[in-house]
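Let me begin by presenting the structure, written as structure tokens, before commenting on it.
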Amino acid sequence: MAILTATLQSFPSCLSYQVKGMCFFLRCNIKGCTVLYSIRMSHYLPDAIVSTYNDPLMHPWLEVGKPIAAAMAGVGSAMAGMPLDSAADTARDDTEITTFKGADAIGNPVGMVASALSTGTLPNVPSMFGIPGISELMEFPTEELPNIQREWMSVPMDAANSVLQGAASLAKAPMDIIGKITSLPGRLSQLQSAAGNVGSFLGSSSGLATLGMDGAALAGIDLGPLQQVVSIASLAGGSMDLGPGGLFCPGGASAFGLHYQSELDALFWRGILPVEMLYPSAWVPTRNEVSHSSGITSTWGSIYPRTGEVVQQHPVKASAVLAERVASIIKKRAQPHIYKRLETSGNFKYFSSIEDSDTRWSMVYPRTTTNCVRFGENDSLSLLSFGDGRTSAVNGYVWNLWNKYDCCQRRGIYLFSVP
């Protein structure tokens, strides 16, 4: 698979491996207690492959993304109660371009560094795919909504015009929105699609045949770049014989795990249930912009509302903004979407959450880049815009989402770290 090979090529330059210190743990048994240690390390991992596209049948990741998107479109149509039309570019007021696109996020098996180095190969495409459920969505009223209400309290008074006041009132008393969310499980249980009962399909596992996929073996992919990386990490680890499993923080994605699919999330990605409009950042300019500096100078777009529509003339920038929106969804809990959250597990102590982790990106399609960047550079005074020379004829783009991890391997009860 060309996309996975491209990820491997960017691994040495994007990893940014660093030994930050030592962690100390207490392990006790009937003979007494011992203090053990492990290295504290930080690095980036390619958690997910994020794609944006015009039409499921034109999905740029042909082997995996295209059949999944096509299968999910039928489920999304059943949920929306109407066919889901393809995305398109449309002019608005002759001065702005409103772009609507589909998007998805699939776990990158290259991010499973320790597993790949231990077995000598990347994980194969699984025989069963996990379908995102509504568990995170059902937590929205109790977990996320209070955060939105507190966020409205920080909006400056001079920004609270009549439109904003109406939106703030909706956020403070959103009974209609909450009612539609809480009644969603019962409604979904009554819907049918080509995949079967929609309520039963969400949160379940689906075979490759149901998704229109064939199994794909990855044994032929060259792991040479990963071997180079582990050699560097081993030198950084010094004399400790930790093995590959102790040299890298496990990421929050699962190999080929479906973390987000906009066709499946059509009710919210297409604004049919406009829950995203509860967020202040969906109304107040310059809040949560894709930008390195002040939102006033942003030439990209806003992360909110996290729907498939964005005002952006450059197709590569439009794709980048939508990719940031997908990352914002899958990195957080209790978001008003149908998705599977990135979540760390295993025998490691983490010093920051995925939600707070730094994010970098590398393009995989239509051009492969071996360096990682943060979206949002102000190029308004530059002769060239970000993405010039990298546009796609089919308006489909694929990015690697790299998240930063800071951890150490647990060896008992955590005591402290140095530094």
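Quick caveat, the model's predicted, so the values are computed rather than measured. As a basis for the values below, the full set of heavy atoms in this structure was taken, side chains included, without hydrogen atoms, waters or symmetry mates.
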What class does the angle between the rings of [X] and [Y] fall in, given that below 30° is parallel, 30 to 60° is tilted and above 60° is perpendicular?
X: Trp399; Y: Tyr397; answer: parallel
X: Phe386; Y: Trp300; answer: tilted
X: Tyr53; Y: His59; answer: tilted

Is any side-chain heavy atom of [X] closer than 4.5 Å to a side-chain heavy atom of [Y]?
X: Lys331; Y: Thr359; result: yes
X: Val310; Y: Arg325; result: yes
X: Ser291; Y: Asn378; result: no
X: Glu276; Y: His337; result: yes
X: Met22; Y: Arg40; result: no
X: Asp358; Y: Tyr44; result: yes
X: Leu267; Y: Leu184; result: yes
X: Ile49; Y: Leu4; result: yes

Output yes when a side-chain donor or acceptor of [X] lies under 3.5 Å from a complementary backbone atom of [Y], and no otherwise.
X: His259; Y: Val326; result: no
X: Arg367; Y: Gly389; result: yes
X: Gln190; Y: Gly199; result: no
X: Trp402; Y: Leu15; result: no
X: Thr7; Y: Ile3; result: yes
X: Ser262; Y: Gly102; result: no

May I ask you to say whether [X] pairs ionically with [Y], meaning some side-chain N is under 4.0 Å from a carboxylate O?
X: Arg287; Y: Glu151; result: yes
X: Asp406; Y: Lys404; result: no
X: Asp379; Y: Lys317; result: yes
X: Glu355; Y: Lys332; result: no

Do you know the tightest heavy-atom contact between [X] and [Y]?
X: Pro250; Y: Tyr350; answer: O-OH, 2.6 Å
X: Gly207; Y: Met128; answer: CA-SD, 3.6 Å
X: Ile181; Y: Leu137; answer: CG2-O, 4.0 Å
X: Gln409; Y: Ser38; answer: O-OG, 2.8 Å
X: Met79; Y: Ile338; answer: CE-CD1, 3.3 Å
X: Glu324; Y: Trp361; answer: OE2-NE1, 3.2 Å

- Item | Pair Lys101-Ser319, side-chain hydrogen bond (donor to acceptor under 3.5 Å, both in side chains): steps then yes or no | CA-CA 8 Å; Lys101 295 285 178 280; Ser319 174; over 6 Å; no
- Query: In this structure, which one of Thr182, Leu278, Ile178, Ile134 forms a side-chain contact (heavy atoms from CB on, under 4.5 Å) with Phe140?
  - Reply: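 Per the side-chain contact (heavy atoms from CB on, under 4.5 Å) rule, the option paired with Phe140 is Leu278, out of Thr182, Leu278, Ile178, Ile134.
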- Can you check side-chain contact (heavy atoms from CB on, under 4.5 Å) on Phe25 and Cys408, steps first, answer last? CA-CA 10 Å; Phe25 301 87; Cys408 55; 3.7 Å; yes
Polar side chain donor-acceptor pair, [X] to [Y], under 3.5 angstrom:
X: Tyr260; Y: Asp265; result: yes
X: Lys20; Y: Ser417; result: no
X: Asp356; Y: Ser353; result: yes

- Task: Step by step, work out the side-chain contact (heavy atoms from CB on, under 4.5 Å) result for Leu401 and Ile330.
- Result: CA-CA 11 Å; Leu401 165 63; Ile330 65 176; 4.1 Å; yes
- Can you tell me how far the CE atom of Met138 sits from the CD atom of Glu143, to the nearest 0.5 Å? 13.0 Å
- Message: For the OG atom of Ser357 and the CZ atom of Phe351, what is their distance to the nearest 0.5 Å?
- Response: 15.5 Å
- Validation row, ring centre Tyr405 to ring centre Phe248 under 6.0 Å: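 Ring centroids of Tyr405 and Phe248 are no less than 6.0 Å from each other.
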- Yes or no on side-chain contact (heavy atoms from CB on, under 4.5 Å) for Tyr339 and Leu258, after CA distance, side-chain angles and deciding distance? CA-CA 8 Å; Tyr339 70 105; Leu258 183 58; over 6 Å; no
- Decide side-chain contact (heavy atoms from CB on, under 4.5 Å) for Arg306 and Ser328; before the verdict, give the C-alpha distance in whole Å, the side-chain angles of both, and the deciding distance to 0.1 Å. CA-CA 8 Å; Arg306 291 168 301 178; Ser328 173; 3.3 Å; yes
